[in-house]
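What follows is a short report on a single structure.
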Amino acid sequence: MPELPEVETVMRGFRTAFEGQRIRHVTVNRPDLRWPFPLDLRERLEGQDVLSFHRRAKYILMRVGNGTSMMLHLGMSGRLLLGQSGMNTTPSKHEHLVLETENGARAGLVDPRRFGMVDLVATDQENAHRLLSGLGIEPLSEDMTGPYLHSLMQGKRTPIKTALLDQRLIVGLGNIYVCEALFRSHIHPTRMAMSLSKREANSLAASIQAILTEAIASGGSSLRDYVQADGTKGGFQDLHLVYGREGEACLKCGTGYPVSRITQAGRSTFYCANCQK
């Protein structure tokens, strides 16, 4: 599933193409994805000026002139592909939603597994939406500091990796970037979250922000379905230090210490048993 850097990358491409433009036409090719499309989706978007974009966790919000925000989640296999109206070849059979602007910009939502979602919400009520209201802190915000992270983990009797994946605590983090952040901070993924020291919390908060920033600059990580809005793959997968590298030499310890993999809460965790204590 796309994580924060991938969603941020897609949102920025969407914003570049659509912000300041007027939506000319909306095409809905099926009634639902994970949930039904809003019945009035076309009526509330067509003819509206696109004012701005915002990302909250793994959701993209497109705000238009009538006070409505279209909320988009890519799910596990969703792609938002940008192009020009009339210049596309045969659309994918999995292209379920198309937005076109008066200046010819085109955005097609392709989602083979249909685990994504699209909804409408009043812009001034975005944070009250049922999918956003219970979310935690944005990891790239100024509030994401070592002391805050340390306080957040106090009393959490769960593995640190599991706690970092809890969207009620910190949003947008997924398996890839949590594995990478814990490795950079020399923290074992099975340690109890409440055992995090203040020094470790400072290191972990800095690692999280640095990794996310680097990943966004690289266009995210392309492992299976994810591509950027222009159809190209991201590049951060080539910079992974532990994720997906089971059995390979630790890039810090050398050949005597291969990267290990365990399963936590049904997900693979990659780490170095020598680096991470």
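Just the heavy atoms: all of them, side chains too, but no hydrogens, waters or symmetry mates, feed the values below.
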Show which side-chain atoms of residues 160-169 pair as donor or acceptor with protein atoms under 3.5 Å away, not counting sequence neighbours.
unit_1, atom_1, unit_2, atom_2, d
Lys161, NZ, Asn175, OD1, 2.4
Lys161, NZ, Ser268, O, 3.3
Lys161, NZ, Thr269, OG1, 2.7
Asp166, OD1, Arg168, N, 2.9
Asp166, OD1, Arg168, NE, 3.0
Asp166, OD2, Arg168, NE, 3.4
Asp166, OD2, Arg168, NH2, 2.9
Gln167, OE1, Gly172, N, 2.7
Gln167, NE2, Leu165, O, 3.2
Gln167, NE2, Leu173, O, 3.2

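Looking at every heavy atom in both residues, Met144 comes nearest to Ile208 through CE-CD1, 3.9 Å. When every heavy atom of Val259 is checked against every heavy atom of Arg245, the shortest pair comes out as CB-O, 3.3 Å.
Checking His240 against Glu180 by side-chain atom types alone, no donor-acceptor pair falls below 3.5 Å.
Listed for the Arg22 side chain is no donor-acceptor partner under 3.5 Å among the backbone atoms of Asp49. Remark: side-chain polar atoms of Glu3 are paired, donor with acceptor, to backbone N or O of Gly174 under 3.5 angstrom.
Using bins of under 30°, 30° to 60° and over 60° for the plane-to-plane angle, the ring pair His96/His94 lands in the perpendicular bin.
Residues Val171 and Pro139 have side chains in contact (heavy-atom distance under 4.5 Å, counting atoms from C-beta outward). The closest side-chain heavy-atom distance from Phe14 to Leu99 is below 4.5 Å. Between Pro31 and Phe37 there is no side-chain heavy-atom pair separated by less than 4.5 Å.
Note on Glu200 versus Arg191: salt bridge recorded, some NZ/NE/NH1/NH2 to OD/OE distance being below 4.0 Å. Of the charged side-chain nitrogens involved, at least one lies within less than 4.0 Å of a carboxylate oxygen, so that Arg63 and Glu126 count as a salt-bridged pair. Under a 4.0 Å N-O distance rule, the pair Glu8/Arg55 qualifies as a salt bridge. Ion pairing of Arg12 with Glu6 is absent here, as no side-chain N (NZ or NE/NH1/NH2) approaches a carboxylate O to less than 4.0 Å.
Met70 and Leu61 fall into different hydrophobic clusters, where Ile, Leu, Val, Met, Phe, Trp and Tyr residues are linked whenever their side-chain heavy atoms come under 4.5 Å apart, directly or through other members.
Tested against Glu95 for a salt bridge (charged side-chain N to carboxylate O under 4.0 Å, His left out), the candidates Arg30, Arg114, Arg106 yield a single pass: Arg106.
Between Phe183 and Tyr271, the ring center distance fails the sub-6.0 Å criterion.
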